[in-house]
Amino acid sequence: MVEIKCPHCEVVGKEHIVSTESIEKCKNGDAWFHIAYCDKCGHVYGTFTKTVKHPSHNLYPIF
């Protein structure tokens, strides 16, 4: 099995990949997204949506 290695600081192990909720919040207090990053150097792996907004109108006609 291949170990995960940070491309910036080269620390090895998935335990070094952590996430933090965004500062931006929905009306109910949930975070909009999570930020995944290296806990040693701060390299950002990506952002992941936590709250999905639903369309305000129906996209499909109701028959």
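Numbers for residues simply follow the sequence, beginning at 1.
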Linking Ile, Leu, Val, Met, Phe, Trp and Tyr by side-chain heavy atoms under 4.5 Å, what else ends up with Ile17?
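Taking Ile, Leu, Val, Met, Phe, Trp and Tyr as members, Ile17 shares its hydrophobic cluster with Ile4, Tyr45.
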May I ask you to test the Phe33-Glu21 pair for a side-chain heavy-atom distance under 4.5 Å?
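Of all side-chain heavy-atom pairs linking Glu21 with Phe33, none is under 4.5 Å.
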Measure the shortest side-chain to side-chain distance between Pro7 and His43 over non-hydrogen atoms and say whether it is less than 4.5 angstrom.
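They are in contact (side-chain heavy atoms under 4.5 Å apart), so the answer is yes.
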side-chain contact (heavy atoms from CB on, under 4.5 Å) against Glu3, all qualifying residues, sequence neighbours excluded
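Partners of Glu3 by the side-chain contact (heavy atoms from CB on, under 4.5 Å) criterion, ordered by chain and then number, come out as Val12.
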Using modelled atom types and a 3.5 Å cut-off, is there a donor and acceptor pairing between side-chain atoms of Ser22 and backbone atoms of Trp32?
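Yes, the answer is positive, given that a donor and an acceptor are paired below the 3.5 Å cut-off.
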Can you list every pair that meets side chain to side chain donor-acceptor pair (under 3.5 Å) and has a residue in residues 8-18, with sequence neighbours left out?
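Applying side chain to side chain donor-acceptor pair (under 3.5 Å) to every pair that reaches into residues 8-18, excluding sequence neighbours, yields His16-Asp39.
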Can you tell me if NZ on Lys25 sees more than 12 non-hydrogen neighbours from other groups inside 6.0 Å?
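Atom NZ in Lys25 is crowded, with more than 12 foreign heavy atoms closer than 6.0 Å.
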Once rounded to the nearest 0.5 Å, what's the spacing between atom NE2 of His34 and atom OG1 of Thr47?
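Here the interatomic distance stands at 11.0 Å.
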Side chain to side chain contact (heavy atoms under 4.5 Å, CB included), that's the test. Do Val11 and Cys38 meet it? Break it down for me.
CA-CA 9 Å; Val11 68; Cys38 173; 3.7 Å; yes
Check step by step if side chain to side chain donor-acceptor pair (under 3.5 Å) holds for Thr20 and Tyr37.
CA-CA 8 Å; Thr20 302; Tyr37 62 94; 3.0 Å; yes
